[in-house]
Amino acid sequence: MGYVAEEFFVSGTATSYTPAAELGPDGRWDVTPSGTADYTTRVVVLTPADRARFNGTVLVEWLNVSGGIDAPAVWMMAHREILRAGYAHVAISAQKVGVDGGMNCSDSTCPSRARTRNGMRR
């Protein structure tokens, strides 16, 4: 199809925050850091193999895990146009079940997919 697929794992430390005062309706809130958690997520990048075919637009899709695995709903509906028009498509696994690939594993059976309390693996 003339596209290259690359898979990346992105890791870091996320910070959670707690309101320092009552949260008002304007969305401008004072917060203080309240904890951290390590995370790793998966990013799949599809780009035209011939860079001259790239139209300059990257479509980013947050993958849906309602069925227990990563499901690229936008890709499923629009892949013909994405390929025809030369878009790049970036699919992001944003929930634990998607990052784990739908596997039901614990830290002891999948040490490279260790879980954290916030649901992402580290």
Fill in: Closest heavy-atom pair and its distance - R84, E81
NH2-OE2, 2.7 Å

Fill in: Distance, nearest 0.5 Å, that separates CG of L63 from CZ of R42
7.0 Å

Response to the item:
By side chain to side chain contact (heavy atoms under 4.5 Å, CB included), V10 pairs with (sequence neighbours left out) T41, V43

Item to complete: Report the residues that fulfil salt bridge (charged side-chain N to carboxylate O under 4.0 Å, His left out) with E22, sequence neighbours left out, ordered by chain and then residue number.
Response: none

Discussion item. Quick check: closest heavy atoms across P33 and T15, and the distance to 0.1 Å?
Written reply: CB-CG2, 4.0 Å

Worksheet item: By side chain to side chain contact (heavy atoms under 4.5 Å, CB included), which residues pair with D30, not counting sequence neighbours?
Response: A20

Worksheet entry | hydrophobic_cluster_shared for W75 and Y3, side chain cutoff 4.5 Å | yes

Item to complete: Would you check if the side chain of W29 reaches a backbone N or O of A21 as a donor-acceptor pair within less than 3.5 Å?
Response: no

Fill in: Smallest separation among heavy atoms of G86 and P48, with atom names
O-CG, 3.8 Å

Worksheet item: Do V31 and T18 come within less than 4.5 Å of each other through their side chains, counting heavy atoms only?
Response: no

Item to complete: Sequence neighbours left out, what passes side chain to side chain contact (heavy atoms under 4.5 Å, CB included) with A71? Give chain and number order.
Response: none

Worksheet entry | V45 reachable from V60 in the ILVMFWY side-chain graph, under 4.5 Å edges | yes

Practice prompt. For E6, enumerate each residue passing the side chain to side chain contact (heavy atoms under 4.5 Å, CB included) test, keeping only those at least two apart in sequence or located in another chain.
Written response: V4, F8

Discussion item. Can you tell me which residue among T57, L46, V58, T47 is in a side-chain contact (heavy atoms from CB on, under 4.5 Å) with Y87?
Written reply: T57

Fill in: Sub-4.5 Å side-chain heavy-atom contact between V74 and L59
no

Worksheet item: Quick one: side chain to side chain donor-acceptor pair (under 3.5 Å) pairs with a partner in residues 58-67, sequence neighbours left out?
Response: E61-H89, N64-S66

